[in-house]
Amino acid sequence: MDRLIGVDVGGTRTRVGAVYAGRILARRAFPTRGLAEVKAAIKEVLLEAGWKKPDAIGVGAPAPMDMRRGVILNAPNLPHWNGANVAEELQDAFDCPVFLGNDANCAAVGELVYGWRAQDFLYVTWSTGIGGGIVAGGQVVWGATGQAGEIGHITLRPDGPHCRCGKRGCLEAFAGGAGLSDRSLEHFGQRFSAEELVERAKKGETGALSLVDDACFFMGQALAIVAELLEPEMVIFGGGLTNSWDFLGPKVIAALHSMSRIRPRVELTKLGDDVGLLGAATLPFHFPKL
Ligand SMILES: [Zn+2]
């Protein structure tokens with residue numbers, strides 16, 4: 001089983017690749033829509049790679065799911081994927097086994113197999129939302145139904161801002177791109193994107209700086225909770241907001257160190273934007289027994 005298709009469904013972009021021995025032989029990236037677009041992209045990369053059919057397909061998506069059946073449940077951030085029967089549809093179309101997993105857990109698999117190759121680490125996706133994946137003793141910690149590692153929904157302030165998950169004061173509500181943008185609206189009466197907010201903070205604008213400092217503080221607090229609990233060797237970050245890592249990283253690390261006696265090495269992913277795609281392609285080998 002070595003002709004693998006990886007599908008990384010992002011909140012804004014979807015990446016599809018034909019992966020052989022850790023190399024992406026053919027790839028497509030496009031604004032996220034639904035399964036039809038993914039099927040079309042798989043057909044294209046198969047053709048380009050010169051494969052008749054893949055040996056397996058792995059799909060990572062940022063949505064609640066039934067991993068056992070390969071079905072996406074309610075997906076507020078992915079309207080075209082609500083209730084999508086990913087495994088059945090792709091299996092029918094490409095006549096091979098299909099595996100569906102949480103996107104951040106897939107990225108953790110990517111890091112485990114092709115990235116830093118640490119054996120005990122937390123992977124954090126820091127973008128519109130915040131996702132996490134745990135690897136302990138060289139194994140992905142999936143949890144009872146595959147939802148483990150949701151660092152974004154650790155409650156840090158029970159009376160904090162509303163989170164998209166329905167709770168209040170989650171890490172994601174403070175530090176996720178969408179959460180930061182919501183907070184800019186509350187504070188300035190004007191909505192800025194998280195990237196704009198970070199740029200303003202870099203220039204020293206007090207209001208923006210205080211929101212960004214808060215985000216980094218809460219990120220550090222969540223990492224400290226995980227560090228004390230699991231003693232990871234590393235924390236590995238990926239995702240759009242890490243484009244400003246030079247500015248954000250030192251703040252996050254300072255907060256982590258102020259709240260945890262255990263101080264894992266904190267690094268960016270070695271795989272860049274491909275971490276989710278490579279991880280999804282390797283998901284068939286790391287899929288849990290559910
Ligand atoms: Zn939440």
Side-chain angles (χ1 to χ4, degrees), residues 9-12 32 60-67 71-79 81-83 100-108 122-134 140-187 191-195 197-198 210-230 232 235-242 248 251-252 255-256 259-260 276:
V9 183
T12 48
T32 291
M65 57 182 64
D66 180 335
M67 274 187 91
V71 174
I72 306 250
L73 306 175
N74 61 322
N77 301 331
L78 299 173
W81 291 79
N82 244 333
L100 174 69
N102 170 279
D103 63 330
N105 287 348
C106 285
L122 169 71
Y123 179 86
V124 181
T125 308
W126 194 0
S127 56
T128 311
I130 297 175
I134 297 163
V140 179
V141 177
W142 291 99
T145 67
Q147 324 271 343
E150 284 284 13
I151 185 175
H153 300 288
I154 293 180
T155 304
L156 297 170
R157 294 283 183 277
D159 56 350
H162 289 281
C163 181
R164 290 172 165 199
C165 74
K167 299 198 297 170
R168 296 184 68 166
C170 296
L171 170 61
E172 186 170 297
F174 288 110
L180 263 171
S181 179
D182 287 348
R183 300 202 77 205
S184 74
L185 184 63
E186 281 164 29
H187 281 251
R191 184 179 284 285
F192 295 112
S193 72
E195 288 74 19
L197 212 56
V198 170
S210 102
L211 288 184
V212 170
D213 279 348
D214 273 1
C216 294
F217 174 85
F218 287 117
M219 178 64 81
Q221 185 181 359
L223 295 187
I225 292 168
V226 178
E228 292 281 8
L229 193 65
L230 295 173
V235 176
I236 303 169
F237 273 90
L241 274 168
T242 60
L248 303 176
K251 294 175 188 286
V252 171
L256 165 65
M259 288 177 269
S260 174

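Bear in mind the structure is a predicted one, so any value in this text is a computation, not a measurement. Counting starts at 1 for both ligands and their atoms, in listed order. When reading the values below, keep in mind they use all heavy atoms of this one structure, side chains included, and skip hydrogens, waters and symmetry mates.
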> By residue and atom, what protein N/O/S atoms are less than 2.8 Å from the Zn ion (ligand 1)?
H153 ND1, C163 SG, C165 SG, C170 SG
> Can you tell if the side chain of K251 reaches within under 4.5 Å of the side chain of D213, non-hydrogen atoms only?
yes
> Would you check, one step at a time, whether the test side chain to side chain contact (heavy atoms under 4.5 Å, CB included) holds for I72 with V9?
CA-CA 12 Å; I72 306 250; V9 183; over 6 Å; no
> Which word best sums up how the rings of W126 and F237 line up, parallel for under 30°, tilted for 30 to 60°, or perpendicular for over 60°?
tilted
> Please list, chain by chain and in numerical order, all residues satisfying side chain to side chain donor-acceptor pair (under 3.5 Å) with R183, sequence neighbours excluded.
none
> Return the minimal non-hydrogen interatomic distance between A173 and H162, and the atom names on each side.
CB-O, 3.8 Å
> Going through the distances and angles, do L171 and M219 end up as a side chain to side chain contact (heavy atoms under 4.5 Å, CB included)?
CA-CA 7 Å; L171 170 61; M219 178 64 81; 4.0 Å; yes
